[in-house]
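Worksheet for the structure shown next.
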Amino acid sequence: MNMDKKSEIIKKREKKIADLKGKNINPFPNDFVVSHTVRDIKQAIIDAPDSFTEDDPVFVVAGRMMAINRFGKASFIRFRDRTGQLQAYVRRDKIGDEAFILFKQLDIGDFVGLSGGMFKTRTGEWTLLVKELKLVCKSMRPLPEKFHGLKDPEKRYRRRYIDLIMNSDVRDVFIKRSGIIQAIRTFLLDRDFLEVETPMMQPVPGGAEATPFVTHHNALGMDLFLRIAPELYLKRLVIGGFERVFEINRSFRNEGVSSRHNPEFTMLEFYQAYARYEDLMDITEEMFRYVALEVTGSTLIPYQGDTIDMGAEWRRMTLASALEEIGGIDAGLLNNRDKLLELAASNGIKVTKTGRLGKIITKLFDVLVEPKLLQPTFIIGYPVEVSPLSRRNETEPDLTDRFELFIAGHEIANGFSELNDPADQKERFLQQAAEREAGDKAAHYMDKDYIEALEYGMPPTAGEGIGIDRLAMLFTDAASIREVILFPHMKPAERGER
RNA sequence: GGGCCGUUAGCUCAACCAGGCAGAGCAACUGACUCUUAAUCAGUAGGUUGAAGGUUCGAUUCCUUCACGGCCCA
């Protein structure tokens, strides 16, 4: 409905507010003092269920009314605060005639402040017997229907607050997401990592292959890019002597929106000096098991009808062997550019004609192997031309000391031993710059300042990025990234809302 | 960017295929009710059917375009 055309219900609420003001009752007061939460009350009952009478002790709580069952001179209401939901019993002979008349004017969705003692109803439900009732905040708009709630995904995302009011499973998803981030933070802090914040607006966007958003700084008179990754700044910090650093925050990529991509997304990146990429794989397994236990209490994670087993040892295999074993591509073909191009075309994969061998191989992997990697799997042995920031493998210099982690058919993490040879890094950037010239908008930018930093010396270091949104999807059994982002990006609705 | 589907009362959905007064439940309003919990009972009101255009005596329904969203593909 158009916002500026008020529904009958809203007009009636406006009239109620005017009536309240007429009776000198503030519909939006600011003086109600809460002394208990619903959780406090429930815990008190668990602790000493026999010590309650209707009059003692007295609890003072506040919350939003979610349901009202009215009888003539008494009502049951359900209200909720941040800690839970509780039933209260409002009787005219307990709160007095004046308060009861006010109460009769209240609506589902209003906030009330209540005080009273606890008793058990005939059906055995602990209930607050209200002695005093105050309006704490009037609501103007009706909430969705209590039984079906709010289902329309468009409305759920655009007006997430209603989604959160109505759908407790949605609330739980975001509580869990917060728990995941907290667990990761604890895990890293316990290992002597330092949490840092690096620029989100960067003069040269680096650290990933992606198209950046461009913005403009007026006073400096220059364009800046929203970061596509924090990587190059975090490595500058390792150069500066912070040997273990991490950052959990947003990055931005100016690309398509889908059930797996939001233009802004949250990433953990962490860097550890004197570690190698093999160490990171061990740490990653440890971290995920820790998070799983902290957040779900188990290392068996149900996801979209499957069960992900975080507890068992995670498989590690090379890109080449994965392509052969899972993708069904004969290992002998992996150096045959023409054959691979044919194969790509027959699988409907678009590859630029000039695309380098490593690009074609990883594209084939994305289509033929990635969706099949259900259980946690590390893929190692990535070609150097698709890994411009990774250290070369000592024995096979065309490959890098790099892994990606796949779970439930999604790429979850990417880590490697860092390239710390400034001359090699410069060569890699030049190669990327050439690909950018050739039309690959996502190719890495040359970052001379970063090269200069490397020239001061970066100790051998391994670093990793983990997609927090995808991790949250995994732990909350969400099929779409929008279910784990509070306010996913949407086009503005035309004129109000439909 | 392409394909399919959707948009009807505050919310959840009918009616559309095969054109003929747009309905229900919950929410709201009036009344009854002091142990309900999707309370119950009696009654009332609430609609620019996403937008614009076309076909038609007549369009929520058929056609075109557009907007927004969902799923799948790129």
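Just the heavy atoms: all of them, side chains too, but no hydrogens, waters or symmetry mates, feed the values below. Chain letters run A, B, ... following the sequence lines, proteins first, then strands; residues in each count from 1.
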Assign [X] to base, sugar-phosphate, or nothing according to its heavy-atom contacts below 4.0 angstrom with the strands shown.
X: A:Lys16; result: sugar-phosphate
X: A:Arg482; result: sugar-phosphate
X: A:Phe100; result: nothing

Legend entry - Listed partners of A:Val130 passing side chain to side chain contact (heavy atoms under 4.5 Å, CB included), at least two apart: A:Ala88, A:Val90, A:Ile95, A:Leu114, A:Leu128, A:Leu133

Legend entry - Out of B:A27, B:A38, B:C68, whichever nucleotide has its closest atom nearest the side chain of A:Arg158: B:C68

Inset, instruction - Consider the side chain of A:Ile9, meaning its heavy atoms from C-beta on, and name the nucleotide among B:G10, B:U36, B:U12 that approaches it most closely. - result: B:G10

Legend entry - Pairs meeting criterion salt bridge (Lys or Arg N to Asp or Glu O under 4.0 Å) with involvement of residues 74-90 of chain A, two or more places apart: A:Arg78-A:Glu125

Legend entry - Residues in side chain to side chain donor-acceptor pair (under 3.5 Å) contact with A:Asp440, at least two apart in sequence or another chain: A:Lys359

Short heteroatom pairs, N/O only, protein and nucleotides 31-33 of chain B, under 3.5 Å:
none

Inset, instruction - Provide the Watson-Crick or G-U wobble partner of B:C33, both distances under 3.5 Å; none if there is no partner. - result: none

Inset, instruction - Please give the nucleotide sitting opposite B:G1 as a Watson-Crick or G-U wobble pair, both distances under 3.5 Å, or none. - result: B:C73

Legend entry - Nucleic acid contacts - residues 90-99 of chain A versus RNA chain B, non-hydrogen atoms under 4.0 Å: A:Arg91, A:Asp93

Inset, instruction - Between A:Gly149 and A:Ile68, just flag the one whose closest nucleotide in RNA chain B comes earlier from the 5' side. - result: A:Gly149

Inset, instruction - Using the closest heavy atom to pick a nucleotide of RNA chain B for each, name whichever of A:Asn69 or A:His489 lands nearer the 5' end. - result: A:Asn69

Inset, instruction - Give the ring-plane orientation class for A:Phe119 versus A:Tyr89, where under 30° counts as parallel, over 60° as perpendicular and anything between as tilted. - result: tilted

Check nucleotides 22-25 of chain B against the protein and report each pair of N or O atoms closer than 3.5 Å, with its distance, or say if there are none.
| from | atom 1 | to | atom 2 | distance (Å) |
| --- | --- | --- | --- | --- |
| B:G25 | N2 | A:Glu145 | OE1 | 3.0 |

